[in-house]
Structures are given as structure tokens and as C-alpha cells.
Amino acid sequence: MAFASLLTTQFSPPQQPILEARLCASPNAGACRWLQMHVSGGRGAANFSVNTTPYLKKKEKLQRRSMKGHTCRCSVRGGKGSTKASIKSERKIDPVGFLKKIDFSSQKFALFLRERYKAFKDLTDDIIRRDLSLLELASGNKYVGLRRHIRHCVDYLEWAPGARFCSLVGDFNNWVHREDCAGEGYMGHDDHGYWRIVVEDKLREGEVEGDYFEEFNYLQNFDKGDENPDLDALFKKMDDEYWEPGEDEYLKDPNVFAEELYNSIFGSDRGLIRQKEDGVEDECLDDIPDAQTRYEAWKACQKDKNDGKLPPIDIIDDGSDPDHLTFVDDPVWRKRVLEKKPPLKYWEYLIKGRKAWERKYSPGIPHQGRVRVYFHTPEGPLERVPAWATYVLPDPDKSRMSAIFWDPPIEELHVWRNASPVVSRSLRIYECHVGISGKEPKIASFNEFTSKILPYIKKAGYNAVQLIGIQEHADYSSVGYKVTNMFAVSSRFGTPEDFKRLVDNAHGLGLLVIMDVVQSHAASDEMNGLAKFDGANDCYFHRGKRGHHKGWHTRMFKYGEYEVIRFLLSNLKWWVEEYHVDGFQFHSVTSMLYTHNGFAEFHEGLDDYCNQYVDRDALLYLILANEMLHQLKPEIITIAEDVTLYPGLCEPIDQGGLGFDYYVSISPSVMWLELIENVADDSWSMNQIAETLSLSCSQHKGKGLVYAENHGQSIAGGKSLAEVLFNYNHHNEYSSSGPSSIRRGLSLLKMIRLITLSLGGSAYLNFMGNEFGHPEYVEFPKSRNQYSLEHAVRRWDLLDSGQHSQLAAFDMDLMSLEEENSILKCPPATIMLTDDTSKVIVYKRGNLLYAFNFNPRKSFDKFSIQLNETGEYKILLDSDELAYGGLGRRSSEAKSILTMPARSKGSLHNLVLAMPSQSAQVYKLSRIWDPFESL
């Protein structure tokens with residue numbers, strides 16, 4: 001695959017040094033053809049080299065975005081001596097910086113971090129050399145895959161280095177393998193395994209083939225080219241605007257410039273042989289002065305000459321090499337030329353709209369046409385779904401899936417109306433699966449989710465929606481975690497335009513959209529996915545045991561393969577640019593980081609994170625992914641799901657970290673389920689609860705995303721907390737004997753959610769329906785349940801009455817409390833009391849005071865705690881209120897409480913609280929005063 005691009009370097013006067021720039025037009029991987037040019041000016045000189053393999057972008061201005069932390073060296077010569085200057089990023093890089101901050105000492109791990117940084121720097125240098133920038137590397141979706149070309153054809157580019165032959169088959173050519181295949185030679189198949197196929201649109205009867213310059217804009221019905229301008233006049237106008245008089249004189253024949261330069265120095269008749277009709281008579285060779293005299297005479301002649309026919313140049317001849325002269329031009333002239341902008345505005349008059357294309361051509365591959373790619377491999381022929389397919393549907397007989405060429409008419413394209421919301425200071429995430437979001441036993445659609453669920457999420461007080469199972473997956477029972485087609489939205493839920501509408505409406509409601517992206521593994525499905533895509537070569541995955549997940553029977557990517565990096569980075573960039581998603585939760589990062597996929601014991605401290613089982617290529621990829629995403633969209637949110645809490649997970653990249661914004665803390669949810677199922681209420685440890693939650697908040701600078709329960713408890717064969725606490729059986733009924741059991745479940749659910757949010761982290765997540773205590777388990781259609789959808793639903797009808805509506809009311813007020821007080825962005829809490837005897841936990845976070853009584857039997861009418869501040873505390877939230885299904889035992893208490901002053905100045909003050917059993921209250925210090933001020 002050949003890519004080329006022009007690297008534009010601009011100067012700032014005065015005293016511009018010499019620049020040695022290089023233009024690379026080369027294949028992707030390596031051998032470069034160099035064009036070298038020299039520029040001079042000022043007192044000194046400098047040499048600057050850039051080695052790139054960028055893409056060629058017509059009508060786009062390329063800007064070189066340097067990799068963060070990348071160093072370029074510029075050596076400056078001039079004056080009396082020689083100096084060297086290093087041009088570096090403003091950001092100071094310390095590969096072990098975060099270790100110093102947290103005071104961890106491990107010589108082995110520190111050495112590992114330094115070696116990893118060196119590998120990262122080498123990789124980024126390679127990216128600069130081959131693709132100009134990280135963002136360009138991640139732009140593969142603009143060139144690879146199946147897409148309509150501006151010159152009335154469909155262009156297909158696919159990476160399959162193990163194949164020997166490649167063709168496209170589909171409805172458009174009646175599935176004939178030899179009809180549309182890659183051509184011979186470099187344009188059909190390059191040295192790096194890329195195959196290129198062009199499917200030409202068909203000229204309609206009576207139409208005439210257009211001019212070579214004819215192009216079409218398929219996103220507008222009409223464009224400026226529909227006015228049929230005079231092309232000769234247009235090109236003349238372009239030339240007149242761009243070139244100064246005389247500047248374009250030598251473009252047609254560059255030898256004329258060399259001849260004119262020679263003549264300007266030596267004269268037009270120097271060295272010519274005078275002839276007569278009867279043969280050679282003599283040579284016209286006058287006495288030639290020495291080089292220095294000749295040069296000075298020419299320079300004196302040129303001093304006041306400025307006829308515009310030649311660029312203002314000078315010649316440097318240091319005498320060291322008689323065959324080498326350096327031609328130097330005027331920096332002022334060069335600056336003016338380099339600042340010229342191509343007159344691309346005139347090019348727009350060559351582009352016609354979609355209507356003109358539809359009149360003239362019938363599409364080679366129509367909208368919604370079915371397509372597969374056909375390969376010959378050493379093992380034999382095979383068909384695959386194109387790896388970069390953006391929409392995939394099952395064939396009519398359901399035997400396999402095919403890519404759908406998605407090229408809808410303009411009137412069917414979604415028009416974006418809403419910008420992404422400003423990222424909130426605190427994230428309250430509502431986790432959803434679109435397919436099970438309905439209350440009827442069927443697969444819900446994007447449109448149903450948009451109209452019914454999004455407004456509810458907004459009303460419930462959340463500010464972000466996290467979607468799982470969006471990437472296409474042939475196996476619905478995998479919940480979307482065995483991805484077959486990385487770039488495609490799941491067709492079960494709707495079309496690409498439907499998903500765009502969902503995201504757009506979410507933004508209109510002020511909701512961020514976070515996508516659960518799966519790049520840690522992929523489905524082992526060979527017919528519909530990437531497994532053995534090009535035969536036994538298996539280009540995307542490791543071979544042998546390493547290429548298979550130890551527990552899930554899925555395939556593991558080769559994160560060290562350059563084209564796999566391009567594929568995965570482009571996948572992330574695609575979802576951001578095409579669908580405007582605001583962030584990603586990286587599923588099962590643990591599976592990526594270790595060759596044992598996390599199925600191993602960790603008992604060697606930091607050494608476990610740098611031993612032979614750590615996948616260094618995966619670490620480098622995650623760093624690149626975070627770097628690229630934050631360059632693309634600085635406010636983007638990246639979340640890592642890693643149960644091992646890899647050191648530096650949420651630390652800055654320049655300090656040795658991986659660059660994530662948040663990590664998923666699973667400890668609280670594991671603890672809650674263990675306590676509820678296996679420990680009696682009066683045996684719960686307050687110290688365990690406080691330590692587990694506060695540790696989640698303090699690790700990684702308080703960047704933990706916490707939840708009491710997520711989809712795992714409800715979907716992955718487990719039980720939701722409500723199902724356990726309410727003793728809800730699989731016959732859709734409560735098996736508890738009385739209201740006391742229901743009241744206990746209500747009380748604990750409210751307390752668990754409040755303490756997890758307020759003590760546990762800096763972002764909070766809740767799975768769809770759990771906020772109102774959804775009591776039923778979730779089971780996707782499988783062979784063991786005869787592929788039933790009965791339990792792949794959400795019981796929204798439970799919101800109408802009973803304890804479920806009361807739980808929902810509490811959760812809504814909890815979200816309001818967080819929004820008004822920014823609890824999740826406050827510093828970690830200060831634990832004031834944990835008492836295993838009384839089962840009480842009291843702590844402060846920000847300006848709020850939290851009091852929990854987990855005692856199942858004993859209430860405290862006057863529970864005294866000691867505070868530094870004295871003043872008035874106002875109650876903001878009480879889990880025991882009648883509206884929340886409580887008993888209202890504090891209804892007679894005052895809404896504000898005054899502290900009791902200390903006996904002497906400097907002593908602690910007392911605050912006396914009423915704390916009913918299994919309840920929690922939140923107070924806010926509304927007024928402060930010093931009782932000793934008047935003494």
C-alpha cells in the first residue's frame with residue numbers, strides 16, 4: 001500500500017537558518033525516496049531532517065502533530081563556534097515518575113518502566129517515519145475497507161498478507177469469484193499484504209464518460225460542479241492566482257532552469273563548438289578566469305538584477321569538492337513561496353453533486369448490497385466478511401453473515417443536531433444493554449431505546465449512559481463480548497443511522513455516551529469474524545496457545561504487529577468520529593496485559609507486573625490508544641477494566657503511566673455480595689466496609705469508578721443484590737414470609753448505594769434497572785433455555801408501585817445530592833468513626849457528613865460524635881423516610897442540629913445524632929461559628 005504526502009515547513013523571519021527538508025513518497029513500511037533541498041539565510045545554518053510515510057490527502061491541509069514526548073534534534077552551525085540545541089516537548093518526561101510520587105521502590109519494575117519507555121519512543125519514532133503522526137496511523141478507516149470513491153467507483157482495500165489472490169463477491173456480481181479481483185503488480189497487491197480492488201460504476205445508456213477531473217460529492221444533492229464551468233478558464237485563473245509572473249516558467253521542463261542558470265554564469269556561447277558546412281572548424285573557448293574570479297563577477301552581476309525570471313539564489317562553493325555546489329535561495333522569497341495556499345477553492349467547481357452522479361451512473365455496488373471477500377491461500381480458497389465492514393447482516397438463509405455496503409441516499413442520512421455535552425465534574429453512569437432494555441420478550445431496537453429509555457435516564461439523574469454489546473457479534477448469547485466485526489454496530493438493534501440518532505438524542509438530553517469497547521480479544525468465529533482471516537497465517541492473532549484466551553475460547557490480538565495497531569487505533573477513532581461517542585470503557589484489560597489472561601496468582605508485589613507473563617506489546621498499545629484518543633478529543637473519557645490494578649493505570653503517560661482517566665474498582669461489589677449472601681447482618685465488619693471503599697477512592701489518585709453492582713451480577717450467571725435480598729425466586733415471586741424481610745432489603749440496598757457512591761470513588765455506575773431493585777435474573781437466549789427471550793428483559797412495570805418505586809425515588813434523590821454537591825469530585829473522605837460493636841460508620845467528604853447505622857436491631861436516639869467545627873448541620877438525605885420505603889423514625893426530629901460546644905478552647909465539639917437501625921443520613925454544615933469568640 002503506497003501512501004505519500006507533502007510535509008510543509010514554515011519559517012518565521014528574520015535570520016532564517018538553512019533548512020534541509022526531506023519529502024518522502026514511499027511504500028508504508030520502509031524504503032524511502034528522498035528529495036533534498038537547501039535553504040539559507042541569517043548568520044547561521046541548521047540541518048533539520050524529517051522521515052515520514054504519510055498519507056496523500058487531496059484538498060486537505062496536513063498538519064504535523066508531534067508525538068507527546070517525542071524529541072527532534074536540530075544542530076545549529078554559525079558564527080565563531082558551533083552549538084547544539086534540542087527541540088523537545090514542553091512536557092518533562094520521567095519514565096518512573098509515578099513510582100517516586102507514591103514512594104514505591106522496586107529496582108526491577110523501575111528498570112522495566114525505563115525499557116518500556118525506550119520501546120515506546122522507538123515505536124513512536126517509527127510511526128512518525130511511516131505515518132507522519134499517531135492520528136494519521138489511526139485514520140486507516142479513511143482508506144482501508146469498502147468505500148465510495150469521488151471518481152464514480154467503489155474502492156476496496158484489505159490487509160491479508162497470507163493470501164495469494166483476492167476478489168470481491170456479492171450480489172453486485174452474482175458471487176462470481178473472478179469478476180472483480182485485485183490487479184497485477186503493485187497497485188493490486190503491495191509488499192505489506194494490502195490488496196486493492198476497484199469496482200467501477202456503470203455508465204448509464206446515452207451518457208458520455210466525463211472529463212478526467214470529474215468528481216462527485218455524494219453527501220450533497222448539488223454542488224458547484226453542476227454549473228459546468230469552463231475548465232480552461234478555470235485552470236488559467238488558478239495558475240494566475242497562485243504563481244507570480246515568471247515563477248511557473250520552468251515547471252514544464254526543469255532542464256530549462258539548469259540551462260538558464262548555466263548561461264547566467266558562463267554565458268550562452270561558452271563551450272560551444274563553431275561549425276562550418278564542410279565540418280568542424282574550431283572551438284569557441286575563450287580564456288576562462290579562475291573559479292573565484294568567475295563567481296565574484298557573476299555575484300556582482302546578480303546583485304542588482306531582479307527580472308523575475310530566476311529565483312533569487314546564491315551559490316556556496318567551499319572548495320572541498322569541485323563536483324559539489326550548494327544552491328541557496330533567498331529566505332524572504334522562500335518564506336513567501338512556502339506560505340502560498342493552493343487555490344483549492346477553484347477545485348470545488350469541478351465537483352458535482354449526488355444527483356448528477358445518479359443521472360450518469362448506476363452504482364457498481366448499490367446501497368445495502370451484500371459483499372464478502374474471497375481469498376486464495378496456501379490452504380485453499382475461503383470467503384470472509386471484510387475486516388473493516390461497517391454494517392453486517394445475516395444472509396437470508398441465516399447460514400453466515402455478509403458485509404452490507406452502507407451508502408444511503410442523502411435524505412436517509414442522519415443529520416447531527418446536538419454537540420457533545422461538557423464533561424461533568426463527576427460521572428454518574430447508567431450502564432445499559434440495548435437488546436434487553438424492553439419489557440417484552442424480544443430484542444429491543446436503537447429507536448425504542450432512544451424514545452423510551454434515554455428520557456428515563458435523564459429523569460433518573462444520571463449524566464452519562466454506557467452501552468455494552470454495540471459492536472457486531474454473531475453470538476447474541478455472548479452479550480456482545482465475542483465481537484466478530486469491530487467497526488460495525490450490531491444489526492440486531494438497527495442501522496448505523498439509528499445508532500447515530502440514539503447518540504445525538506442522548507447529547508440533546510445532556511447525556512454523555514460511553515461505549516464498552518472490546519479490543520482485548522475477539523470471537524473465534526472464522527466464517528464471520530477475524531479468526532484465520534487470511535488462512536493459516538492468521539494475520540490478526542497470535543498463533544498457538546498464546547493466540548487463544550485461557551478461559552473464554554476467544555482469540556488474542558498481536559498487539560506488536562504494526563498493521564494490527566493501525567486496525568485497532570482506527571477502530572477507536574472511527575467510533576469517535578463517525579458516531580460521536582464521548583468515551584470508552586476498555587473491556588477486560590487484564591486479558592490483554594498478561595499472557596495468562598489474568599488466570600494466575602499475584603504474590604510477588606511489583607515484580608508480578610514486569611515478569612515474563614506481561615505482554616509488553618499490549619502495554620504499548622494501551623499507551624498509544626490513550627495518547628491518540630486524548631489528542632483527537634482532549635475531553636474524552638477512557639476507563640480501564642483491570643482486576644489486577646496494574647501500577648500506573650491512571651497515571652500520565654509522561655510519568656510512566658498508561659494514561660487512563662478512570663479504572664473500574666470491583667472490590668466494593670464483590671464485598672457486598674459476599675456480605676449479603678454469607679454473613680449475618682449483625683456480623684458485618686464496619687472496618688472491612690470502610691477500608692474497602694476508602695481504598696477504592698484513594699488508589700490511583702482517586703480515579704476509581706465504583707458500583708454496588710454492574711451488569712456482571714445480573715447477566716454473567718449471577719444474581720442482583722435485590723434478587724438476593726428480596727429472596728426473589730425464578731418463578732417470579734417473592735419467597736420471603738413477611739414485610740420485615742422486604743424492609744430489610746430496602747434498607748440495605750439504599751445504604752449500600754449511598755455509601756458506595758460517597759465513600760468509594762470518583763465516578764459511579766449503575767446497571768439498568770438495579771436502581772429500583774430489579775429482582776429478576778437475566779438470561780440471554782441459549783440452547784439450554786431453547787433460545788428463549790423471556791428473561792432477556794427489564795421489568796419497567798415495577799416502577800409503578802411498591803418498594804421498587806420507593807427505591808427509584810431514593811436513587812433519584814441520591815443523584816440530585818451528588819449533582820448539587822459534586823461528591824465524586826471531592827477529595828477522599830476522612831473517616832471519623834468505625835465501630836464494629838455499634839455497627840456505625842461516620843465520615844466526612846467535602847462539606848458533607850455521612851452517618852450509617854448498619855445495626856439490624858439497635859437504634860441510637862443520641863449518638864455523639866466529635867467534630868472540629870462547631871455550628872449548625874442540616875439534614876439533606878435520610879434513607880429512613882417514608883417516601884423511600886422507610887419507617888420515618890426521624891420524622892419528629894429537627895431538620896437542623898446544633899453542635900454542643902467543647903468545654904475549653906481547642907477541644908473537640910460534640911454532635912448528637914438520631915440514628916435508626918439500618919439507616920443512613922447525610923448532613924451539611926450550613927453555618928459555622930466560634931463559641932469562644934465572645935469570651
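- Ring geometry for Tyr609 against Phe109 counts as perpendicular: the plane angle is over 60°, on a 0 to 90° scale with 30° as the lower cut.
- Relative orientation of the Phe599 and His549 rings is perpendicular, given thresholds of 30° and 60° on the angle between their planes.
- A salt bridge does not link Glu709 to Lys719: none of the charged nitrogens lies less than 4.0 Å from a carboxylate oxygen.
- Using a 4.0 Å cut-off between charged side-chain N and carboxylate O, Glu869 and Lys844 make a salt bridge.
- With no hydrogens or angles considered, no side-chain donor-acceptor pair links Asn597 and Ser591 at under 3.5 Å.
- For Phe660 and Phe586, the ring centers are positioned less than 6.0 Å apart.
- The side-chain hydrogen bond (donor to acceptor under 3.5 Å, both in side chains) test applied to Asp797 returns Arg795, not counting sequence neighbours.
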Would Glu818 and Tyr764 satisfy side chain to side chain contact (heavy atoms under 4.5 Å, CB included), going step by step from the backbone distance to the final call? CA-CA 10 Å; Glu818 197 289 322; Tyr764 179 77; over 6 Å; no
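- A salt bridge links Glu779 and Arg784; the closest N-O separation between the charged side-chain nitrogens and carboxylate oxygens is under 4.0 Å.
- Taking the six-membered ring for Trp, Phe602 and Tyr594 have ring centres closer than 6.0 Å.
- In terms of heavy-atom proximity, Pro668 sits nearest to Thr692 at N-CG2, 4.2 Å.
- Residues that satisfy the side chain to side chain contact (heavy atoms under 4.5 Å, CB included) test with Asp661, not counting sequence neighbours, are His630, Thr638.
- With 3.5 Å as the limit, one finds no donor-acceptor pair spanning the side chains of Asn770 and Arg753.
- Taking the side-chain hydrogen bond (donor to acceptor under 3.5 Å, both in side chains) definition, one finds that Ser926 meets it with nothing, sequence neighbours left out.
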Intermediate values then yes/no, side chain to side chain contact (heavy atoms under 4.5 Å, CB included), Leu876 and Asn821: CA-CA 11 Å; Leu876 300 182; Asn821 296 276; 4.3 Å; yes
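- Side chains of Asp836 and Asn687: a donor on one and an acceptor on the other come within 3.5 Å.
- Aromatic ring centroids of His774 and His804 lie 6.0 Å or more apart.
- Using bins of under 30°, 30° to 60° and over 60° for the plane-to-plane angle, the ring pair His587/His521 lands in the tilted bin.
- Listed for the Asn853 side chain is no donor-acceptor partner under 3.5 Å among the backbone atoms of Ala920.
- A donor-acceptor contact closer than 3.5 angstrom is absent between the side chains of Ser879 and Ser919.
- Of the residues Gln921, Met915, Glu881, the one that meets the side-chain contact (heavy atoms from CB on, under 4.5 Å) test with Arg890 is Gln921.
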Carefully, step by step, assess Asp878 and Tyr884 under the rule side chain to side chain contact (heavy atoms under 4.5 Å, CB included). CA-CA 9 Å; Asp878 179 10; Tyr884 306 145; 5.8 Å; no
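- With a 4.5 Å cut-off on side-chain heavy atoms, Leu911 and Ser864 do not count as touching.
- Taking the centre of each ring, Tyr462 and Tyr430 come in below the 6.0 Å mark.
- Judged by distance alone, the side chain of Arg743 and the main-chain N or O of Gly885 form no donor-acceptor pair under 3.5 Å.
- Between Asp681 and Lys839 there is no salt bridge, since no side-chain N of the basic residue sits under 4.0 Å from a carboxylate O of the acidic one.
- Within the 4.5 Å cutoff, the side chain of Ile865 has heavy atoms near those of the Leu849 side chain.
- Taking the six-membered ring where the residue is Trp, the centroids of Tyr456 and Trp796 are separated by under 6.0 Å.
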